[in-house]
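Beneath this line is the structure, given in structure tokens, with notes to follow.
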Protein chains: 2
Amino acid sequence: MGGLDDVRGELVDLWGRLAPLWGVTPAAGRVFGWLLASSDAIDADGLCEGLGMSRGAVSMACRELADWGLVHGERPPGTRRVSYRPVTDLERAARSIVATRKRREWDPMLQHLQEWIPRLKGERSAEAKVLRERLSDLEGLVRTLDGLALKLLEGGIVPKLGLKLLVSQAKRKGSAPGGK
Amino acid sequence: MGGLDDVRGELVDLWGRLAPLWGVTPAAGRVFGWLLASSDAIDADGLCEGLGMSRGAVSMACRELADWGLVHGERPPGTRRVSYRPVTDLERAARSIVATRKRREWDPMLQHLQEWIPRLKGERSAEAKVLRERLSDLEGLVRTLDGLALKLLEGGIVPKLGLKLLVSQAKRKGSAPGGK
DNA sequence: ACCAACTTTCAGAAATCTCTGAAAGTTCAG
DNA sequence: CTGAACTTTCAGAGATTTCTGAAAGTTGGT
């Protein structure tokens, strides 16, 4: 009673609210939160009941989470029922998120920039000149961030060694999560 | 007349679609795109006309962009009309975005984690134990990412070469990350 | 091949987010 | 202080996203 259920509820709630900021639907966020708080794999019925969601919503959410690489479905031999478990290797999970966002955000951006800049080459107006410059700057920035993302993806998210260093530095500088 | 207007239109469109992925409303994204393509500052009327948006929407969008630190309003002396200009220092703009997202996403996450973990201390169940472990892992990851964000914020975001340094140094065993 | 056990799909309902337009508020010149 | 010139606010309209629930589709055992 008490503690565990309360914390689980708040966790589900927080993930439900934060998820959209990450391009994940609220339902998927809630499901993931619930799975995090379970020691065993859970099947669709369990999720429906636990979260008060419909069958369809659970199905959609699980599929979405599987697409993001955040959960795995498993079918115990002898049954037809799929149970879900969250990926507990957080490093891997974070990597899938970065990869997906890169594909959805940076890649189309770069693609368009590369097409737009040449199309402005002919224009003489001041407007065109300014835009051309700004787009070039933007391209530089996006390439830089893209490179950073790639680094993270390849090198196992900022190899733990370096990580600890960064973290301890961050702590020293007092970056306490501020008020509400 | 072709090129410039076409590119501007596509730019406005792309930013309108990408903006929500960044927690920015579509309207604000479109306004920013339009401003990027103008060599001069533009006032609310100009934006209404150029983008076909209502007065209220333009006002909201400009306020939002100002909150993110992506545009500045300026009032030429002798008039009451505010004109807007995009921040062209992209490094600074990117920094505002990171700072805002950190505040909205990581900080509340950490705050909750720090509160939840102690509340599970009393529980004996296997569920509670698993959850406690997972939350601790999560805290570690969030702290790591948070530290990385701070690094970017403090250290003039991505001095293009510096970045590579940061990352490659992180890989190198034992040596402290350079920088300041 | 057939059935029972599950899962997925999808049209319409519901909830949420965004925009409009006009009224109210603010600011400055005179 | 007053009025003109702008900006901000906000209730309701409109658009978009998300959820439900039942029907259709799969799958594995027999």
Side-chain angles (χ1 to χ4, degrees), chain A residues 12-35 40-68 70-85 104, chain B residues 12-35 40-68 70-85 104:
Chain A
V12 164
D13 225 58
L14 180 68
W15 282 72
R17 269 181 300 116
L18 249 37
L21 295 176
W22 281 88
V24 176
T25 61
R30 288 202 293 276
V31 167
F32 190 73
W34 187 270
L35 289 177
D40 295 323
I42 301 197
D43 60 36
D45 277 329
L47 290 169
C48 289
E49 191 176 338
L51 290 163
M53 292 167 50
S54 73
R55 221 85 216 309
V58 166
S59 175
M60 297 289 214
C62 289
R63 164 132 65 138
E64 187 181 343
L65 288 171
D67 287 348
W68 279 87
L70 294 177
V71 307
H72 286 316
E74 48 188 55
R75 176 158 35 203
T79 178
R80 240 142 294 173
R81 182 168 298 196
V82 178
S83 290
Y84 297 93
R85 219 182 259 288
R104 288 190 190 168
Chain B
V12 164
D13 227 57
L14 180 68
W15 281 73
R17 268 181 302 117
L18 250 36
L21 296 176
W22 282 86
V24 176
T25 62
R30 287 201 295 275
V31 167
F32 191 74
W34 188 270
L35 289 177
D40 295 322
I42 302 197
D43 60 35
D45 278 330
L47 290 170
C48 289
E49 192 176 339
L51 290 164
M53 292 167 49
S54 74
R55 219 105 221 313
V58 166
S59 175
M60 297 289 215
C62 288
R63 163 122 78 119
E64 186 181 344
L65 288 171
D67 287 347
W68 279 86
L70 294 176
V71 307
H72 286 314
E74 47 187 55
R75 178 159 32 203
T79 177
R80 239 143 295 171
R81 180 168 297 196
V82 177
S83 289
Y84 297 93
R85 219 183 260 290
R104 289 190 189 169

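Just so it is clear: chains get the letters A, B, ... in the order the sequence lines come, proteins before strands, and each one is counted from 1. Just so you know, these numbers use all the heavy atoms, side chains as well, and skip hydrogens, waters and symmetry mates.
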Side-chain donor-acceptor pairs under 3.5 Å in residues 45-60 of chain B, sequence neighbours left out?
from, atom 1, to, atom 2, distance (Å)
Asp45(B), OD1, Arg55(B), NE, 3.3
Asp45(B), OD1, Arg55(B), NH2, 2.9
Ser54(B), OG, Ala57(B), N, 3.2

The contact string for nucleotides 3-15 of chain D, one letter per nucleotide 5' to 3', using protein heavy atoms under 4.0 Å with B, S and - for base, sugar-phosphate only and none, comes out as -BSSBBBB-----
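Arg63(A) CZ: 12 or fewer foreign heavy atoms inside a 6.0 Å radius.
Of all non-hydrogen atoms in Gly29(B) and Ala19(B), the two that sit nearest each other are CA-CB, 3.9 Å. Pairing each heavy atom of Trp22(B) with each of Trp68(B), the nearest pair is O-CH2, 3.5 Å. Minimum interatomic distance between Pro76(A) and Arg81(A) (heavy atoms only, all atoms of both residues): CD-O, 3.6 Å. When all heavy atoms are compared, the tightest approach of Ala61(B) to Val31(B) is CB-CG2, 3.8 Å.
Residues passing the side chain to side chain donor-acceptor pair (under 3.5 Å) test with Glu74(B) are Arg85(B), sequence neighbours excluded. Asp40(A) meets the salt bridge (Lys or Arg N to Asp or Glu O under 4.0 Å) test with no other residue; sequence neighbours excluded.
Remark on DNA chain D: of its neighbouring residues Pro77(A) and Met53(A), the 5'-side contact belongs to Met53(A), judged by nearest-heavy-atom nucleotide.
With axes fitted over five pairs at each extremity, the angle between the ends of the helix from dA1(C)-dT30(D) to dG30(C)-dC1(D) is 30° (10° resolution).
Between Arg75(B) and dT27(C), a side-chain N or O to OP1/OP2 separation shorter than 4.0 Å is absent.
Within residues 14-34 of chain A, no residue approaches DNA chain C, by heavy-atom distance under 4.0 Å.
For the atom pair Cys62(B) SG and Leu35(B) CG, the distance stands at 6.5 Å (nearest 0.5 Å). Put simply, CZ on Arg30(B) and OG1 on Thr25(B) are 8.5 Å apart, with the number rounded to the nearest 0.5 Å.
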